[in-house]
Structure formats: C-alpha cells, structure tokens
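Presented below is the structure to which this report refers.
From a predicted model like this one, the values you see are computed outputs, not experimental measurements.
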Amino acid sequence: MQVSDNPTVCPSRLILEHMTSRWGVLVFAVLLKGTYRFSELRREIGGVSEKMLAQTLQTLERDGFVHREAHPVIPPHVDYSLTDLGRDAASRVRALAGWAEEHAPQVLAARETYDAARADAS
C-alpha cells in the first residue's frame, strides 16, 4: 500500500476518509438496515445537523456508496440506500467498528498506562 499526502497520488486515502468519517460510519451503519428517507436517517443517527448529513450523503453518493432516489411527488420524497459497493464498504466499516468495541478495554488500559508513565516522568 502506497501512502502519500497527495490524494492524486494516493486516491484511496480520500476514499478511506469518506468511509470512516464521523458521520460516514453512522450513515453506513443505518443504511445497512435498509432504505431511509432523509428525515428518518437523521433521526436514526441522532446529533447530526441537516447540513452535515446532506454533505455526507452527497460525498458517499459521489463515491458510489449511496444511491439517492428522488420521487416526483409533492412534497418531495427522497430515499437513500446503499449500492452494492456501499454494502461491501459498510460491512467492512462495521467489522472495524466491532473490533474497536471488542478491544476498547485494552485500548483504554493502554491509555491509562501511557498517561501514568507520562505523569510520573514530569
């Protein structure tokens, strides 16, 4: 894996940022359950502003992870779902989130050890 600060040299870096962003992870988690309207998705995620959710959905749609279907009705009705690529990505992000949950006690213990050692050195 080549790593570079330049996204044109390493485009996977920007894709990974989109997939693992604060709101991207949560959008993936919710959409793995099925199709949602914008307001349902926002309610399910909780704590996300309309602007941030709209930006996140647009980014994930642009990357090919999210499908946006606008229905020609009044009031407007838009559904969001995962594409095949999005389902694959979401399942991998879910696995990483599961790993983080499973190993959180070890990580927290490591932090405490690190912080205690730094405090003793001061």
Side-chain angles (χ1 to χ4, degrees):
M1 173 172 66
Q2 181 183 7
V3 178
S4 169
D5 287 335
N6 183 344
T8 58
V9 174
C10 187
S12 62
R13 182 178 181 152
L14 190 54
I15 296 165
L16 188 60
E17 284 179 28
H18 296 166
M19 291 173 59
T20 59
S21 72
R22 176 180 182 181
W23 303 116
V25 169
L26 297 174
V27 166
F28 276 139
V30 172
L31 290 181
L32 267 173
K33 299 182 223 172
T35 300
Y36 285 80
R37 293 179 70 175
F38 185 89
S39 59
E40 295 170 330
L41 193 53
R42 185 167 180 233
R43 204 171 21 255
E44 190 76 19
I45 291 172
V48 63
S49 69
E50 284 188 28
K51 180 182 177 182
M52 282 309 305
L53 181 56
Q55 286 177 351
T56 301
L57 287 167
Q58 186 176 28
T59 298
L60 295 176
E61 180 184 7
R62 183 171 183 245
D63 287 346
F65 298 130
V66 170
H67 173 71
R68 179 185 186 274
E69 185 172 352
H71 302 280
V73 295
I74 298 177
H77 178 115
V78 179
D79 289 324
Y80 294 92
S81 60
L82 293 174
T83 62
D84 289 341
L85 183 65
R87 275 189 293 283
D88 185 34
S91 67
R92 294 166 191 268
V93 168
R94 179 176 57 189
L96 180 60
W99 182 94
E101 281 184 35
E102 180 182 339
H103 293 88
Q106 292 168 273
V107 172
L108 295 175
R111 285 182 186 174
E112 287 179 15
T113 302
Y114 176 89
D115 291 345
R118 303 262 316 173
D120 290 342
S122 301

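Here salt bridge (Lys or Arg N to Asp or Glu O under 4.0 Å) pairs that include residues 58-72, with residues two or more places apart or in two chains, number zero.
Between Asp115 and Arg118, none of the side-chain N atoms (NZ, or NE/NH1/NH2) sits under 4.0 Å from a carboxylate O, so this pair counts as no salt bridge.
The side chain to side chain donor-acceptor pair (under 3.5 Å) search around Asp88 returns Arg92, not counting sequence neighbours.
A donor-acceptor pair under 3.5 Å is formed between the side chain of Thr83 and the backbone N or O of Gly64.
Arg37 approaches Tyr80 most closely through the heavy-atom pair C-CD1, 4.5 Å.
Cluster membership check: Leu32 shares its hydrophobic cluster with Leu85, using side-chain heavy-atom separations under 4.5 Å among Ile, Leu, Val, Met, Phe, Trp and Tyr. Put simply, Leu14 and Phe65 are part of two different groups of oily side chains (I, L, V, M, F, W, Y) that touch within less than 4.5 Å, one to the next.
For Lys51, the NZ atom counts as loosely surrounded, since its 6.0 Å shell holds 12 or fewer non-hydrogen atoms of other residues, nucleotides or ligands. A 6.0 Å sphere centred on CD of Gln58 holds no more than 12 heavy atoms belonging to other residues, nucleotides or ligands.
You'll find the side chain of Leu53 stays beyond 4.5 Å of the side chain of Trp23, heavy atoms only. Residues Leu16 and Arg13 fail the side-chain proximity criterion, which asks for heavy atoms closer than 4.5 Å. Side chains of Val78 and Phe38 form no contact here, defined as non-hydrogen atoms less than 4.5 Å apart.
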Give the intermediate values and the outcome of side-chain contact (heavy atoms from CB on, under 4.5 Å) for residues Thr56 and Val48.
CA-CA 10 Å; Thr56 301; Val48 63; 5.8 Å; no

